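Note that the structure is predicted; figures quoted are calculated from it, not measured.
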Amino acid sequence: MILKENIYIEPFKLHRTLHIYLPDDIQPDERFPVIYMFDGHNLFYDSDATYGKSWGIKDALDTHNQRIIVVGLECNHEGNMRLCEFSPYSFKDKFFGEVTGLGKTTIEWICETLKPYIDEKFPTKPEREYTAIGGSSMGGLMSVYGLAARSDIFSMGICVSPFYEHVFKKLVDDISKFKIHKKTKAYISWGRYEFHTKKQLAVGTEKNMIITRIFSQKGVTVYPHMMVEGAHNEESWEKETFAWLYELGLYKKHR
């Protein structure tokens, strides 16, 4: 089932919609791992998705009876505020102009306010070993950063098609300094068709491998995936659902 709730984000003085997936027919003694994901409106229903196509995560989890809670945080749709709230760093872009990086505040709000709220209201397994962060594009960037910065909260990261433009050096500098819990797993993916030329693909691949190496050197178990037919859209990301569920140990077989 999908629940939609409004929540107030105190640091931004704004209300926002949560898109929350819960397994059907929850038993009294059941408790579940939780994945906190960005762009919640794009996760479950095509009718909610920005471009009319979702990740289809609800159908995938329902079909295979996966007992997980997914908490999707809808983005800020005003102007370039999605970029601001989903970037840990400020940057300037020729299309979007000045972007003020508010992503560090977003991560802290998820850890200190949203997670305690979800743990209190729903039958979660609150320990870090059962808590993941995930997203694509700007959400992928936030998942790389959030996993590194708050591995005390998150033990797993689903970092799909991370946005690195303008911010890669700052990201590398930060995650190189963070002390990351060694019992941490990261799924990092990118698609061949996200890039227009072979050179761009090579550069994009190397950036993801740099992040992979930094994580690996800190004891993180990393699963890098170059999706041969992957593009930068929800249709492609939908095809990866069982890849990251499996690699992160979240996929459970049920009779």
Side-chain angles (χ1 to χ4, degrees), residues 2-7 9 11-12 14-22 34-61 68-89 93 95-96 99 101-111 113-115 118 131-147 154 156-165 167 186-191 194 227 230-241 243-245 248:
I2 302 294
L3 303 179
K4 294 183 182 181
E5 291 193 9
N6 284 327
I7 193 167
I9 304 180
F12 301 147
L14 294 170
H15 285 90
R16 195 67 48 78
T17 301
L18 298 177
H19 301 250
I20 304 170
Y21 171 87
L22 296 169
V34 183
I35 308 173
Y36 293 88
M37 299 190 73
F38 299 95
D39 295 312
H41 54 294
N42 289 335
L43 300 178
F44 306 120
Y45 294 130
D46 292 352
S47 57
D48 288 333
T50 301
Y51 300 107
K53 179 71 186 78
S54 74
W55 287 39
I57 290 177
K58 179 184 184 301
D59 289 343
L61 297 180
I68 296 169
I69 293 174
V70 180
V71 179
L73 175 65
E74 186 157 340
C75 74
N76 189 328
H77 298 282
E78 296 295 325
N80 69 354
M81 289 306 297
R82 174 179 177 272
L83 302 181
C84 295
E85 292 184 12
F86 288 179
S87 175
Y89 313 103
D93 182 87
F95 296 109
F96 298 104
V99 173
L102 302 174
K104 294 179 182 180
T105 300
T106 303
I107 292 292
E108 290 307 305
W109 176 81
I110 290 171
C111 293
T113 301
L114 178 59
K115 184 181 185 299
I118 296 297
T131 306
I133 186 171
S136 60
S137 192
M138 297 301 295
L141 165 65
M142 288 286 280
S143 299
V144 170
Y145 176 85
L147 184 66
F154 306 110
M156 297 169 280
I158 303 154
C159 314
V160 178
S161 300
F163 172 88
Y164 294 135
E165 194 73 22
V167 303
Y187 173 95
I188 302 175
S189 72
W190 62 103
E194 295 184 56
M227 307 301 289
H232 200 85
N233 56 44
E234 283 72 19
E235 184 176 3
S236 288
W237 299 328
E238 178 179 16
K239 296 173 183 177
E240 294 187 59
T241 299
W244 50 258
L245 281 171
L248 298 179

Could you check Phe154 against Cys111 for side-chain contact (heavy atoms from CB on, under 4.5 Å), going step by step and ending with a plain yes or no?
CA-CA 9 Å; Phe154 306 110; Cys111 293; 3.6 Å; yes
How about [X] and [Y]: do any of their side-chain heavy atoms sit closer than 4.5 Å?
{"X": "Ile7", "Y": "Thr113", "result": "no"}
{"X": "Thr50", "Y": "Asp39", "result": "no"}
{"X": "Phe12", "Y": "Asn76", "result": "no"}
{"X": "Val70", "Y": "Phe44", "result": "yes"}
{"X": "Ile9", "Y": "Thr106", "result": "no"}

side-chain contact (heavy atoms from CB on, under 4.5 Å) partners of [X], counting only residues at least two apart:
{"X": "Ser236", "answer": "Ala231, Asn233"}
{"X": "Glu74", "answer": "Arg16, Thr17, His19, His41, His77"}
{"X": "Asp59", "answer": "none"}

Give the C-alpha distance, both sets of side-chain angles, the deciding distance and a yes or no for side-chain hydrogen bond (donor to acceptor under 3.5 Å, both in side chains) between Trp237 and Ser161.
CA-CA 9 Å; Trp237 299 328; Ser161 300; 2.9 Å; yes
Let me have the donor-acceptor pairs involving side chains of residues 135-143, under 3.5 Å, with sequence neighbours excluded, atom names and distances please.
{"from": "Ser137", "atom 1": "OG", "to": "His232", "atom 2": "NE2", "distance (Å)": "3.0"}
{"from": "Ser143", "atom 1": "OG", "to": "Gly135", "atom 2": "N", "distance (Å)": "3.2"}
{"from": "Ser143", "atom 1": "OG", "to": "Gly139", "atom 2": "O", "distance (Å)": "2.7"}

Test your reading of the model: is there a side-chain donor-acceptor pair from Asp46 to the backbone of Ser54, 3.5 Å cut-off?
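Side chain of Asp46 to backbone of Ser54: a pair is present.
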Thr131: side-chain hydrogen bond (donor to acceptor under 3.5 Å, both in side chains) partners, not counting sequence neighbours
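side-chain hydrogen bond (donor to acceptor under 3.5 Å, both in side chains) check on Thr131 returns nothing, list empty.
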Please name all residues satisfying ring-ring contact (aromatic ring centres under 6.0 Å, His included) with Phe38, sequence neighbours left out, ordered by chain then number.
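Partners of Phe38 under the ring-ring contact (aromatic ring centres under 6.0 Å, His included) test: Phe86.
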